[in-house]
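A short worksheet on the structure shown next.
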Amino acid sequence: MNMTATKIEVETATPAATVAPVVALTPKRPPRTEAYARMVRETAVRVIPPLVVIALLTLIWELICRRAGSALPPPSKVFSDTKELIFDPFFDNGGIDKGLFWHLSASLQRVAFGYSLSAIAGIGLGVLVGQSVWAMRGLDPLFQVLRTIPPLAWLPLSLAAFRDGQPSAIFVIFITSIWPIIINTAVGIRNIPQDYRNVAAVVQLNPLEFFAKIMIPAAAPYIFTGLRIGIGLSWLAIVAAEMLIGGVGIGFFIWDAWNSSHISEIILALFYVGIIGFVLDRLIAGLGKFVTHGTAQN
Amino acid sequence: MTAYLKLDHIDKVFTRGAATTEVLKDINLTIEKGEYVSIIGHSGCGKSTLLNIIAGLTGATTGGVLLENREVNSPGPDRAVVFQNHSLLPWLTVYENVRLGVDKVFARTKSRAERDAWVMHNLNLVQMAHARDKRPSEISGGMKQRVGIARALAMEPKVLLLDEPFGALDALTRAHLQDSVMALHQKLGNTILMITHDVDEAVLLSDRIVMMTNGPSARIGEVLEVPLARPRKRLELATNTTYLKCRQRVLEFLYERHRFVEAA
């Protein structure tokens with residue numbers, strides 16, 4: 001009984017093995033085009049609905065704002081008003097009369113600086129609060145109160161302290177984005193499974209090695225959640241802060257456009273602010289996905 | 001008897017607020033070099049706590065652990081643990097998981113190339129060299145446990161501590177892995193202390209079986225020698241009278257004299 005059963009297996013297995021390479025060669029092409037077709041289909045499914053919605057909304061906007069005496073310009077007018085700004089973002093006539101590229105890059109530089117500082121300090125403090133019960137008891141209530149203070153409320157204080165717009169704006173970004181980073185990092189550290197701590201203890205990792213080899217990778221998914229919320233808040237804060245401090249920057253560009261009644265320019269700037277905020281969020285999310293690859297699933 | 005690992009009057013009391021629970025009471029045990037000892041008992045009897053005390057992960061309330069006549073009370077690679085749920089670090093590959101311990105233990109005594117060779121040697125011992133670049137999420141439960149064993153072995157522990165190492169595996173994988181551990185023990189002559197709740201596993205693998213009474217205040221109820229010659233073959237033992245007698249003895253202890261009390 002046993003013998004014949006094995007024999008049958010062998011018999012069916014052999015022809016399959018000899019035929020397989022022959023079969024594999026011919027259908028190679030059709031699946032590939034099929035895969036392309038599927039990819040196109042999937043992309044279409046994702047891209048077409050938002051495009052349709054955007055087209056519809058633009059149409060409605062156009063219809064509503066077209067009437068004479070309308071307070072806001074219709075999309076067609078926005079485009080014709082801001083054509084120069086759209087097609088020449090790199091001009092620089094000195095002072096604040098610069099292309100949008102320069103305004104956006106000034107804002108992004110402030111965000112990059114303030115956000116980097118808050119990422120470093122936030123992860124550091126988060127690790128401290130997550131690891132030490134006493135640090136948590138001492139600092140957590142403070143954090144819970146401070147994090148509810150609106151970003152702009154910090155601005156007068158920081159202007160008083162730094163006596164300059166640039167560091168004040170950076171400080172506002174820092175203080176706005178640090179809280180979610182601290183809190184999420186601390187939760188991540190507290191949630192490191194006891195197993196990993198046991199492994200580290202048996203292997204006798206020193207605190208520095210434990211930090212680099214266990215803590216950071218184990219808490220990475222939480223840390224990146226915090227970083228992602230933080231980058232969103234930074235971008236929210238910078239536009240508001242720049243409106244008040246002036247100088248080059250997308251926030252002040254908007255304020256300046258309002259003061260000179262260039263409503264179309266405001267709309268264009270908002271469009272850019274939205275797109276860049278979206279890109280920043282995706283950037284951090286993508287980075288997180290890349291870094292935490294393997295950590296998330298257990 | 002030469003005491004290689006000695007558990008000397010170990011008591012363990014857990015205190016939570018005003019409530020105190022005595023988990024272990026007066027545990028005395030000596031283990032010889034090269035011996036394979038199993039600790040068996042019902043769940044909740046404190047056998048895992050005992051292993052944690054030996055590993056140094058938990059402190060004993062009174063009493064202590066002596067390894068080669070020196071007291072050990074903090075974790076270290078001389079008492080490497082194979083954890084029940086493998087505890088591999090998911091962000092490291094199989095190779096890196098083993099290498100982590102090797103790099104620490106042999107930082108001064110082995111060169112880079114030697115450490116690499118040593119990691120591969122240990123992965124070969126558990127037949128996992130083929131998966132060196134896989135992450136734990138990409139291999140099966142049995143394979144993870146093999147890597148866990150390789151990680152522990154690679155630290156060249158004086159005592160290898162196995163905490164219900166096969167508990168989370170299906171029966172076939174478990175049998176396969178038990179055979180592997182037996183072969184490794186035969187080949188390397190390690191001193192092994194294993195926690196288990198599986199009677200067959202205890203009899204098949206051990207030289208001595210330590211049976212624990214139910215908690216709270218669990219004690220060592222009985223120690224049974226398993227006088228079966230090695231190498232042992234699973235199939236031959238199924239009808240072996242000594243094997244069956246030992247098995248009977250453990251079963252009697254667990255199910256007659258110290259039956260598991262549900263509400264305890």
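Per chain, numbering begins at 1; letters A, B, ... match sequence-line order.
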Part of [X] lying under 4.5 Å from any heavy atom of chain A:
X	value
Asp78(B)	neither
Val105(B)	neither
Leu92(B)	neither

Near [X] [atom1], under 6.0 Å, is it more than 12 heavy atoms from other residues, nucleotides or ligands?
X	atom1	value
Leu51(A)	CG	yes
Arg112(B)	CZ	no
Arg234(B)	CZ	yes
His130(B)	NE2	yes
Phe143(A)	CZ	yes

Indicate yes or no: at least one non-hydrogen side-chain atom of [X] is less than 4.5 angstrom from one of [Y].
X	Y	value
Arg197(A)	Leu57(B)	no
Asn206(A)	Lys104(B)	yes
Asn198(A)	Val81(B)	no

Please report the C-alpha distance between Asp195(A) and His86(B) in whole Å, then the side-chain angles of each, then the deciding distance to 0.1 Å, and finally whether the side-chain contact (heavy atoms from CB on, under 4.5 Å) criterion is met.
CA-CA 9 Å; Asp195(A) 295 345; His86(B) 67 78; over 6 Å; no
Euclidean distance, Leu205(A) CG relative to Asp103(B) CG, rounded to 0.5 Å:
10.5 Å
Ser87(B) side, atom OG; Gln194(A) side, atom CD - distance, nearest 0.5 Å:
10.0 Å
Under 3.5 Å: donor-acceptor pair, side chain of Gln204(A), backbone of Pro77(B):
no
Looking at Trp91(B) and Val291(A), would you say the former's side chain and the latter's main chain have a donor-acceptor pair under 3.5 Å?
no
